[in-house]
Amino acid sequence: MNRFLCLLVDCLDQGLGCSHFHQLKRDELFLYLRAFYTKEELACFFYPILGGDMNFKDFVLANYKQVKDVKDFAEKAHLSLSTFNRRFRENFNASAHQWLVSKKVESVRWDILMSNLTFSEIADKYNFSSPNYLATFCRQHYGMSPHEMRVQGRQSSGEQDV
């Protein structure tokens with residue numbers, strides 16, 4: 001891409017500026033963009049100028065599992081933290097932090113009740129520093145430890161505790 005742009009600038013500096021040249025270079029640029037960049041990379045690159053054309057809610061829902069916090073989310077959206085938080089509140093009627101925590105709460109619960117992952121694996125998956133912090137998180141949000149949640153979930157579904 002850098003070579004393409006340097007050659008383009010050199011040609012324009014030399015006075016090559018007919019409409020046929022511009023059309024060929026535009027087509028060449030689109031070819032390079034399609035060949036060397038994913039749709040997601042292109043969406044992120046063009047997001048600042050397309051802003052209104054991309055649905056903010058769709059962006060959030062498509063990317064919230066890949067971010068660790070609101071700051072990381074704002075960077076991924078190529079927005080300042082304050083702009084991201086404002087747009088988030090406008091679209092979801094909640095702060096981005098509260099919303100991310102609620103999604104984490106739901107996902108952790110799902111993995112404890114529905115998966116066969118160990119508590120250490122769940123702690124790693126959700127970036128808890130240790131299984132003890134996972135237990136603290138569960139007590140805070142559910143009033144019981146992950147083990148108690150899993151036992152209760154199995155008893156509710158008729159399974160035996162292993």
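Residue numbers count from 1 along this sequence.
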State, with a plain yes or no, whether a side-chain heavy atom of [X] is found less than 4.5 Å away from one of [Y].
X: N91; Y: V60; answer: no
X: V108; Y: F128; answer: yes
X: I112; Y: C138; answer: yes
X: R154; Y: L113; answer: no

Same cluster or not: are [X] and [Y] linked, directly or through other Ile, Leu, Val, Met, Phe, Trp or Tyr residues, by side-chain heavy atoms under 4.5 angstrom apart?
X: Y142; Y: V151; result: no
X: Y64; Y: V105; result: no
X: L81; Y: L79; result: yes
X: F4; Y: F36; result: yes
X: L5; Y: L24; result: no

Taking distance alone, no hydrogens or angles, what donor-acceptor pairs closer than 3.5 Å link side-chain atoms of residues 94-103 to residues at least two apart or in another chain?
{"from": "S95", "atom 1": "OG", "to": "Q98", "atom 2": "N", "distance (Å)": "3.0"}
{"from": "S95", "atom 1": "OG", "to": "Q98", "atom 2": "OE1", "distance (Å)": "3.3"}
{"from": "Q98", "atom 1": "OE1", "to": "S95", "atom 2": "N", "distance (Å)": "3.3"}
{"from": "S102", "atom 1": "OG", "to": "W99", "atom 2": "O", "distance (Å)": "2.7"}

[atom2] on [Y] to [atom1] on [X], rounded to 0.5 Å:
X: H78; Y: K76; atom1: NE2; atom2: NZ; answer: 8.0 Å
X: N2; Y: L7; atom1: CG; atom2: CG; answer: 11.5 Å
X: F21; Y: R26; atom1: CZ; atom2: CZ; answer: 13.0 Å
X: L33; Y: L29; atom1: CG; atom2: CG; answer: 4.5 Å

Taking distance alone, no hydrogens or angles, what donor-acceptor pairs closer than 3.5 Å link side-chain atoms of residues 8-15 to residues at least two apart or in another chain?
none

Is the count of non-hydrogen atoms from other residues, nucleotides or ligands lying under 6.0 Å from R3 atom CZ greater than 12? no
More than 12 non-hydrogen atoms from neighbouring residues, nucleotides or ligands closer than 6.0 Å to CE on M144, yes or no? yes
What one should report as the nearest heavy-atom pair of S80 and A74 is O-CB, 4.2 Å
So, does E75 use its side chain to make a donor-acceptor pair with the main chain of D72 at under 3.5 Å? no
Hey, could you give me each pair passing side-chain hydrogen bond (donor to acceptor under 3.5 Å, both in side chains) that has a residue in residues 27-37? Not counting sequence neighbours. K25-E28, E28-Y32
If you look only at pairs with a residue in residues 123-139, which of them pass as a side-chain hydrogen bond (donor to acceptor under 3.5 Å, both in side chains), with sequence neighbours excluded? D111-K125, D111-Y126
Step by step, work out the side-chain contact (heavy atoms from CB on, under 4.5 Å) result for M1 and C6. CA-CA 9 Å; M1 188 58 78; C6 288; over 6 Å; no
Any pair with a residue in residues 88-101 that passes salt bridge (Lys or Arg N to Asp or Glu O under 4.0 Å), sequence neighbours left out, goes on the list, sorted by first then second residue, please. R86-E90
Taking only residues two or more places apart in sequence, or in another chain, which ones meet K71 in a salt bridge (Lys or Arg N to Asp or Glu O under 4.0 Å)? none
Below 30° counts as parallel, above 60° as perpendicular, anything between as tilted: where do the rings of F84 and F73 land? tilted
Look at the aromatic rings of H141 and F137 and report parallel, tilted or perpendicular, splitting at 30° and 60°. tilted
